[in-house]
Amino acid sequence: MTYCLGIILPAGLVMASDSRSNAGVDQVALVKKLAVFDVPGQRVIAILSAGNLATTQAVVTGLRETAGSGQWGFDIYAARTMFDVAQTVGNKLRAVLAHDANFVQPFGDPNGTFLVGGQIAGEAPRLFNVYSAGNFVEASDRSRFLQIGETKYGKPILDRALTGASSLEEAAKLSLLSFDATMRSNLSVDAPIDLLRYRTDSFSAQNLTTFEKTDPYWIELRRGYSDGLSALVASLPPPPAQG
């Protein structure tokens, strides 16, 4: 299992993923699930992946190999819009599944899903969820975040606290707290956490941070949130008694 999260705001994008790959209780590994494709000053594209690791790695590796080839529909650098990028990812996913799925299915689910976010010069940042069928949906000002993988534990805090007025820094904190909630409830999601904060019109992927379990900020954020939540619960009035 994995957990990946994308948030889109007027200020920019936050894209985050965990690193645990779990193929059984004795087959646990750390895998990078955030891939960045960028041309400074022109485009920044981040792709997060969940699902069958062989499938998702084949898709991302294939996209890297065809980048710059000029092959329309498969060259991520030839895409004119982020909509085209989402189609390119979907096309590559379909090609991988068409080649491998029948061989993989007797042993497990071959499918993968992706979050695709970024900005290409000439349009605003955009965020998409690419499904296993290769089709996709786009985030909007009414649905500011998209999730793939183990989504249920990290969703409530985003529903409560994330708004269109949230700053990029606030969204980054909420993202990490969303991962904290998920990791506390599901052992198949774990650090390191890769977090990209992309500021609108910066066309730079430099603000990419990896948080290890021992990172001082990560430790303090989790402790501060837990202590604050405990204090808040203690300050609330108890339910009224009957009779």
Side-chain angles (χ1 to χ4, degrees), residues 1-7 9 11-38 44 46-54 56-57 60-61 112-115 117-118 145-162 166-199 202 204-234:
M1 186 57 75
T2 190
Y3 178 39
C4 297
L5 169 66
I7 297 173
L9 298 163
L13 289 161
V14 174
M15 308 285 287
S17 64
D18 83 314
S19 298
R20 173 159 287 191
S21 174
N22 182 10
V25 294
D26 58 351
Q27 296 186 47
V28 178
L30 297 180
V31 178
K32 192 173 184 66
K33 303 168 188 175
L34 189 158
V36 176
F37 298 77
D38 65 317
V44 171
I47 301 176
L48 310 181
S49 56
N52 184 284
L53 185 59
T56 58
Q57 286 189 340
V60 173
T61 300
T113 56
F114 297 86
L115 295 182
F145 66 90
L146 296 173
Q147 303 166 287
I148 55 175
E150 180 52 88
T151 62
K152 57 183 176 292
Y153 301 110
K155 188 174 185 292
I157 189 171
L158 299 170
D159 287 333
R160 283 184 178 275
L162 184 70
S166 298
S167 69
L168 212 56
E169 290 71 25
E170 289 170 338
K173 287 189 287 186
L174 288 171
S175 295
L176 291 173
L177 292 174
S178 178
F179 275 82
D180 172 54
T182 304
M183 289 164 59
R184 286 176 183 272
S185 299
N186 191 318
L187 294 177
S188 70
V189 175
D190 203 3
I193 299 169
D194 294 310
L195 180 80
L196 174 66
R197 283 166 283 180
Y198 173 76
R199 195 165 299 279
S202 68
S204 170
Q206 290 185 345
N207 203 349
L208 174 60
T209 309
T210 298
F211 295 93
E212 303 282 351
K213 281 183 176 180
T214 56
D215 185 277
Y217 176 79
W218 172 243
I219 293 172
E220 184 58 30
L221 182 76
R222 300 183 81 185
R223 180 186 297 121
Y225 180 67
S226 182
D227 292 347
L229 191 59
S230 296
L232 174 61
V233 171

S.K.: Roughly how far, to the nearest 0.5 Å, is CG of Leu34 from CE of Met15?
M.R.: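 Answer rounded to 0.5 Å: 6.5 Å.
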
S.K.: Looking at Ile148, is its backbone amide N or carbonyl O close enough to the side chain of Thr151 to form a donor-acceptor pair, meaning the two atoms are under 3.5 Å apart?
M.R.: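 No; zero donor-acceptor contacts below 3.5 Å.
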
S.K.: Judged by atom type as modelled, is there a donor-acceptor pair below 3.5 Å linking the side chain of Ser226 to the main-chain atoms of Arg222?
M.R.: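 No, because the side chain of Ser226 does not come within donor-acceptor range (under 3.5 Å) of the backbone of Arg222.
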
S.K.: Under 4.0 Å between a side-chain nitrogen and a carboxylate oxygen: does that hold for Arg199 and Glu169?
M.R.: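 Answer for the salt bridge query: yes.
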
S.K.: Work out which heavy atom in Gly6 is nearest to a heavy atom in Leu115; give both atom names and the distance.
M.R.: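 Smallest interatomic distance, heavy atoms only, reads N-CD1, 3.5 Å.
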
S.K.: Starting at CD1 of Ile219, measure out to NZ of Lys213 and round the result to the nearest 0.5 Å.
M.R.: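 Here the rounded value is 11.0 Å.
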
S.K.: Can you confirm whether Phe145 sits close enough to Val14 that some side-chain heavy atom of one is under 4.5 Å from a side-chain heavy atom of the other?
M.R.: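 Phe145 vs Val14: side chains apart.
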
S.K.: Do Ile193 and Asp215 have side-chain heavy atoms sitting under 4.5 Å apart?
M.R.: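 Not in contact.
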
S.K.: Tell me the closest heavy-atom pair linking Ser175 and Leu195, and the distance in Å.
M.R.: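 Here Ser175 and Leu195 meet closest at CB-CD1, 4.1 Å.
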
S.K.: Any donor-acceptor pair under 3.5 Å linking the side chain of Ser19 with the backbone of Pro192?
M.R.: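 Indeed, once roles are kept as given, a pair shorter than 3.5 Å links the two residues.
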
S.K.: OG/Ser204 to CG/Asp38 distance, rounded to the nearest 0.5 angstrom?
M.R.: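 Atom-to-atom, Ser204:OG and Asp38:CG are 7.5 Å apart.
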
S.K.: Roughly how far apart are Ser167 OG and Arg197 CZ, rounded to 0.5 Å?
M.R.: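 Here the interatomic distance stands at 10.5 Å.
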
S.K.: Let me confirm one number: the CG-OH distance from Asp190 to Tyr3, rounded to the nearest 0.5 Å.
M.R.: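 Atom-to-atom, Asp190:CG and Tyr3:OH are 15.0 Å apart.
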
S.K.: Check for a donor-acceptor pair, side chain of Asn52 on one end and backbone N or O of Gly112 on the other, with a separation under 3.5 Å.
M.R.: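 Side chain of Asn52 to backbone of Gly112: no pair is present.
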
S.K.: Taking 4.0 angstrom as the limit, do Arg223 and Glu220 come out as a salt bridge?
M.R.: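 Salt bridge between Arg223 and Glu220, a charged N being under 4.0 Å from a carboxylate O: yes.
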
S.K.: Has the side chain of Ser178 got a donor or acceptor atom that lies under 3.5 Å from a matching backbone atom of Leu174?
M.R.: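 Between the backbone of Leu174 and the side chain of Ser178 there is no qualifying donor-acceptor contact (under 3.5 Å).
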
S.K.: Which atom names give the shortest non-hydrogen contact between Arg20 and Leu187, and what distance separates them?
M.R.: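 Shortest heavy-atom separation between Arg20 and Leu187 comes out as NH1-O, 2.5 Å.
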
S.K.: Which atom names give the shortest non-hydrogen contact between Cys4 and Phe179, and what distance separates them?
M.R.: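 Scanning both residues, the minimum pair turns out to be CA-CZ, 4.4 Å.
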
S.K.: Does the distance from a Lys or Arg side-chain N to an Asp or Glu carboxylate O, for Lys33 and Asp18, drop under 4.0 Å?
M.R.: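 Looking at Lys33 and Asp18, the cut-off is met.
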
S.K.: Return the minimal non-hydrogen interatomic distance between Asp180 and Tyr225, and the atom names on each side.
M.R.: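 The answer is OD2-CD2, 4.2 Å.
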
S.K.: Can you name the closest pair of heavy atoms from Leu176 and Trp218 and give their distance?
M.R.: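 That closest heavy-atom pairing would be O-CZ3, 3.4 Å.
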
S.K.: Measuring from Ile7:CD1 to Leu5:CG, what's the distance to the nearest 0.5 Å?
M.R.: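 Reported to 0.5 Å precision, the distance equals 4.5 Å.
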
